[in-house]
Amino acid sequence: MSAGIVYLVGAGPGDPGLMTARSLELIVAADVIVHDRLIPRDALAPARGDAEVLYVGKEPGSASVPQDEIAQLLIERAREGRIVVRLKGGDPFVFGRGGEEAEALAEAGIPFEVVPGVTAGVAAPAYAGVPVTHRDDASAVAFVTGHEDPDKGEDSLDYEALARFPGTLVFYMGVKALPTITERLIAAGRDSGEPTAVVERGTLPDQRTVASTLGEVAGAVSEAGIRPPAVTVVGPAAARRERIAWVENRPLHGKRVVVTRARAQASELAGRLAVLGAEPIELPAIRIEPRIDSKEVRRAIESLHSYALVCLTSPNGVRLLFEAMEAQGRDARALANATVAAIGPGTAAALRERGVIADVVPARFVAEALVEDLSKLELNGKPVLVARAAEAREVLPEALRELGAEVDVVALYETLAEQPDPDAIERAAESDYVTFTSSSTVRNFTEALPEDIAAGARIVSIGPVTSEAAREAGLAVDVEADRHDIDGLVEALLADAANS
Ligand code: SAH
């Protein structure tokens, strides 16, 4: 049996983007993951399905697993020859008891590695606009625990020394004791007017900051209802926040926005929303099931060169048409003879990525507008291909037939209802916005989820067709995009958030 190993890994302060490359690599490789409470959401998502995941953190109101039991657990699992990742919030050696665990491992002769993480005492202030050192204001920084080990006695913090400390003081675990901490610092000589900031849930989407002075911060924090986890930053650098604060100034800060697109496409919208400060909640209502192996699709691809017009109605359609072409040894040249029409700029962009500039892109991105543009083409008696979703509306093929075209409709994919994820449903319940990018997302969302899921949230629709579907499903549309693409939807949401 090969020897096991323990990795003492820091998972950062909460923003999953602040997990190190090494930590992610090790989570993927782990046979066993032993973790605390304060690790980023989804930090364990890359773990193997057969990995053993053990939670040893404290549940609110009950005791945590004793430290020596945790060390024992790590040692046992490593002795079984397994790769053990001990995952902790922030940095494992900053108030993480990683030092004790490392010592126990060393003593037991178990190989281990330490993987530092981004510590909350640096990251939470940074996300609040406070540099913990500054050339003019702070040439040193001290990390201080606000929650003393009871065994060490009441007064083991040297407040005289802390009061004299020539730089920034960062207190961890000090929400409850804040009145005591600030009183003692002032009694020991620290200026009661010194800028002080408390950052709650730093780097997380609902981060909050209370900025005050050392003398008044405890009152301000209790008034604001600040709860752990939070760090308290004492020192002139805390005032820099007035100029540097950025997270909390982003236009969608603190807004929870539900993204109902299929998972494969959700990330673009989710990413755009996150950059603007929102917390995107991916709750895909649909999933795309390719149907490019069907006889009708194969036949259409074989005779692509003979169509006068090829109509594509979605980026998914474009992607799957090209996949179907490739499967039959074709490429973009198969479209050389045809006029190519795209509904919407997203569809046109997907074509452009594959080397095809659409000839017709309607000014308004709904099927009716495309028909208007197509009526300018001479289609009487000409073969036309409409490649799209199985359950699409009939507006386009019918209108083309009225123009005298011989229309073949092929289904490249089906949109199926996605199984909703319970965790995402729970988070969505308190959302500020729910976004819909197609009628099928509306229909499946309202069918699959509890009726009141979006109660209280504002409904954002990408365009009139989607809005209509929403109204049919009993949802009042609060925001409709003027431009019916992702950019337009984000713009409309931003404008709404600015007004509310
Ligand atoms: N090893 C961790 C600290 C563990 S002690 C690290 O290096 O960050 C737990 C304390 O860390 C909390 O009580 C709080 O003071 C601080 N903390 C952890 N995550 C935080 C966050 N997202 N925002 C503010 N403080 C946080």
Side-chain angles (χ1 to χ4, degrees), residues 7-20 22-23 34-43 55-60 64-65 67 70 85-102 114-132 141-150 152 157 168-182 196-211 217-218 221 224-234 238 241 245-248 253-254 277 279:
Y7 296 94
L8 298 170
V9 180
D15 178 347
L18 297 179
M19 296 182 73
T20 62
R22 182 71 174 140
S23 73
V34 181
H35 71 95
D36 291 342
R37 188 160 54 91
L38 287 180
I39 60 168
R41 171 191 300 286
D42 298 337
Y55 172 69
V56 294
K58 200 171 144 54
E59 292 290 357
S64 44
V65 180
Q67 197 55 42
I70 297 175
V85 166
R86 170 72 175 112
L87 196 62
K88 294 162 174 291
D91 180 275
F93 278 7
V94 179
F95 305 127
R97 309 197 70 167
E100 284 138 282
E101 289 170 20
V114 182
V115 180
V118 176
T119 190
V122 173
Y127 272 47
V130 176
V132 291
V141 53
F143 295 141
V144 189
T145 171
H147 173 81
E148 274 296 288
D149 185 337
K152 278 206 255 166
L157 277 185
T168 309
L169 302 174
V170 180
F171 289 90
Y172 289 63
M173 298 170 283
V175 177
K176 214 168 116 208
L178 197 59
T180 317
I181 293 169
T182 52
T196 300
V198 177
V199 189
E200 176 191 59
R201 295 180 61 79
T203 80
L204 291 158
D206 52 352
Q207 165 180 315
R208 282 199 300 164
T209 305
V210 169
V217 73
V221 155
I226 296 286
R227 304 215 332 243
V231 292
T232 300
V233 194
V234 181
R241 163 178 166 73
W246 55 280
V247 163
E248 293 149 20
H253 174 70
E279 176 183 5

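If you're wondering where the values come from, they're calculated on a predicted model, not measured in any experiment. Start at 1 and go down the list; that is how both ligands and their atoms are numbered.
For the 3.5 Å distance criterion, the side chains of Tyr127 and Asp15 qualify, holding a donor opposite an acceptor. A donor-acceptor contact closer than 3.5 angstrom is absent between the side chains of Tyr7 and Ser23. For the residue pair Glu248 and Gln207, a side-chain donor N or O sits within less than 3.5 Å of a side-chain acceptor on the partner.
With respect to the salt-bridge test (charged N to carboxylate O, under 4.0 angstrom), the residues Arg86 and Asp36 qualify.
Under a 3.5 Å cut-off, the side chain of Glu200 and the backbone N or O of Ile226 do not form any donor-acceptor pair.
For Phe143 and Phe95, the distance between ring centers is not under 6.0 angstrom.
Near ligand 1, heavy-atom contacts under 4.0 Å come from Pro13, Leu38, Gly89, Gly90, Asp91, Val94, Phe95, Thr119, Ala120, Ala124, Tyr172, Met173, Val199, Arg201, Gly202, Pro229, Ala230, Val231.
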